[in-house]
There are 2 protein chains.
Amino acid sequence: MLALETLEEHGKLRFTRLGELIGDVSQKMLTKTLRQMEADGLVLREVFPVVPPRVEYELTPLGRSLGEAFCGVWTWADEHRQTILDARTAFTARKNATDAMN
Amino acid sequence: MLALETLEEHGKLRFTRLGELIGDVSQKMLTKTLRQMEADGLVLREVFPVVPPRVEYELTPLGRSLGEAFCGVWTWADEHRQTILDARTAFTARKNATDAMN
DNA sequence: CGGAATCCAGATTGATACTG
DNA sequence: CAGTATCAATCTGGATTCCG
């Protein structure tokens, strides 16, 4: 999902640059994720036969449409992130109180 | 996600009934999922102190809002499921062809 | 009925080293 | 640069048993 978003925002990107923009991803996971997305037809992988190697990734129309479909979820997440964190804290507090009783 | 959808469609549900409607879930996973959703404030868990036990689950307003946010994704999935399956087949075919060359 | 507890095989992932 | 290969460690989920 982060890869999808990043590619949607920045368009065509090289492997390392994409990793930097996403933040905390091992290259192993990034590779796997991109291969899966490529297999699903969400991303286009373009290899340039030069030294040093250069590989660019960009969303296909299908990938972009998925990004748009997720738009509502991103908005929701932004709006309710804190609410959820609070709910978790409250839940843990309730749980501990109940546990202590028994 | 399936639990969210099912609860959104059917409203208040008992544990076993919810499991049946979702289809292929072990009670372990269903329990875990529901507890997580409860902790996140997405679902309300109501226990009736009767024999046999009766526990009902229903979405909170926060849970319903998430269900709505996911609406676009469900639609997308319905529309593109087959496209993705085809893409995977094509990708595997390409991969095998390439592998055979080397 | 609605779980909790235990056991366990298999999948996932991070870290590390190597390569064209 | 953009990976692949390998090993170890963790995590996951299924199956099973037990309980109030």
Side-chain angles (χ1 to χ4, degrees), chain A residues 1-4 6-7 10-40 42-60 63 88 91-92 94-102, chain B residues 1-7 10-60 63 88 91-92 94-102:
Chain A
M1 283 164 53
L2 294 174
L4 185 73
T6 305
L7 284 171
H10 294 81
K12 193 178 295 185
L13 287 173
R14 296 185 61 173
F15 183 84
T16 302
R17 181 71 183 130
L18 179 54
E20 289 169 4
L21 289 171
I22 291 178
D24 193 25
V25 220
S26 63
Q27 50 49 314
K28 181 178 172 178
M29 285 312 300
L30 185 54
T31 299
K32 189 198 291 187
T33 303
L34 288 169
R35 288 286 145 72
Q36 283 174 164
M37 292 175 73
E38 191 195 0
D40 291 347
L42 299 173
V43 102
L44 192 69
R45 178 169 179 264
E46 194 173 4
V47 182
F48 298 83
V50 297
V51 179
R54 175 190 184 83
V55 181
E56 291 186 339
Y57 295 89
E58 74 178 312
L59 293 184
T60 62
R88 285 184 185 161
F91 183 80
T92 305
R94 268 200 309 282
K95 190 177 81 61
N96 288 339
T98 310
D99 287 357
M101 281 175 45
N102 313 335
Chain B
M1 285 162 52
L2 294 175
L4 185 72
E5 283 305 286
T6 305
L7 284 170
H10 294 81
K12 191 178 295 184
L13 286 173
R14 296 184 61 173
F15 182 83
T16 302
R17 181 72 184 129
L18 179 53
E20 289 169 2
L21 289 172
I22 291 177
D24 192 24
V25 220
S26 63
Q27 46 66 303
K28 182 178 175 180
M29 284 312 300
L30 185 55
T31 300
K32 189 197 292 185
T33 303
L34 288 169
R35 287 286 143 72
Q36 282 173 166
M37 291 176 73
E38 191 194 357
D40 290 347
L42 298 174
V43 102
L44 193 69
R45 178 168 180 264
E46 194 174 3
V47 182
F48 297 84
V50 297
V51 178
R54 176 191 183 83
V55 182
E56 292 186 339
Y57 296 90
E58 74 179 312
L59 292 185
T60 62
R88 284 184 186 160
F91 182 80
T92 303
R94 266 199 309 282
K95 189 175 81 59
N96 288 339
T98 310
D99 286 358
M101 281 175 44
N102 313 335

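Here is how names work: the chains are called A, B, and so on, in the same order as the sequence lines, proteins then strands, and each is numbered from 1.
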* **Rounded distance in Å - NZ (A:K32) to P (D:dT4)** => 12 Å
* Asked: Can you check the B:E46 CD to C:dG2 C1' distance for me, whole Å?
  -> 15 Å
* Asked: What is the distance from CD of A:Q36 to C1' of C:dA11, rounded to the nearest Å?
  -> 13 Å
* Indicate, with a heavy-atom threshold strictly under 4.0 Å, whether A:Y57 touches base, sugar-phosphate, or nothing. => sugar-phosphate
* Which atom names give the shortest non-hydrogen contact between B:L59 and B:M37, and what distance separates them? -> CD2-CE, 4.3 Å
* Please identify each residue that fulfils side chain to side chain contact (heavy atoms under 4.5 Å, CB included) with A:V50, with sequence neighbours left out. => A:F48, A:R54
* To do: Figure out the CZ/C1' separation between A:F48 and D:dC1, and round it to whole Å.
  => 14 Å
* Asked: Under 4.0 Å: is that the gap between some side-chain N or O of A:S26 and OP1 or OP2 of C:dG14?
  -> yes
* Is the CG atom of B:N96 crowded by more than 12 outside heavy atoms at less than 6.0 Å? -> yes
* **Close residues, residues 10-21 of chain B, relative to DNA chain C [heavy-atom separation under 4.0 Å]** => B:R14, B:F15, B:T16
* Taking side chain to side chain contact (heavy atoms under 4.5 Å, CB included) as the test, write out the residues that go with A:K28, two or more places apart. => A:S26
* Return the minimal non-hydrogen interatomic distance between B:I22 and B:A3, and the atom names on each side. => CD1-CA, 3.8 Å
* Asked: Closest approach of A:L7 and A:Y57, non-hydrogen atoms and distance?
  -> CD2-O, 3.5 Å
Protein-nucleotides 16-20 of chain C N/O pairs under 3.5 Å:
none

* Starting from P on D:dA5, measure out to CE on A:M29 and report it in whole angstrom. => 17 Å
* Asked: Counting only side-chain N and O atoms of B:R35, is one of them less than 4.0 Å from OP1 or OP2 of C:dG2?
  -> no
* Pairs in or reaching into residues 31-45 of chain B: which pass salt bridge (Lys or Arg N to Asp or Glu O under 4.0 Å), with residues at least two apart or in two chains? -> A:R88-B:D40, B:R35-B:E38
* **Those residues that, when tested against A:Q27, pass side chain to side chain contact (heavy atoms under 4.5 Å, CB included) (two or more places apart)** => A:F15
Give me, pair by pair, the N or O atoms of the protein and of nucleotides 9-11 of chain D that are less than 3.5 Å apart, along with how far apart they are.
none

* Asked: Are any non-hydrogen side-chain atoms of A:L18 and A:L34 less than 4.5 angstrom apart?
  -> yes
* **Spacing between A:L30 atom CG and C:dG14 atom P, to the nearest angstrom** => 12 Å
* **All side chain to side chain donor-acceptor pair (under 3.5 Å) counterparts of A:E20, not counting sequence neighbours** => A:R17
* Counterpart residues, side chain to side chain donor-acceptor pair (under 3.5 Å), relative to B:E5 (two or more places apart) -> B:W74
* Structure fact -> Those residues at least two apart in sequence (or on a different chain) that pass side chain to side chain contact (heavy atoms under 4.5 Å, CB included) with B:T60 are B:L44, B:L62
* Asked: Can you name the closest pair of heavy atoms from B:G63 and B:L4 and give their distance?
  -> O-CD1, 3.5 Å
* Asked: For the pair made of CD in B:E38 and C1' in C:dG2, what is the distance, rounded to whole Å?
  -> 14 Å
* Inter-axis angle, terminal five-pair segments of the helix from C:dC1-D:dG20 to C:dG20-D:dC1 [nearest 10°] -> 50°
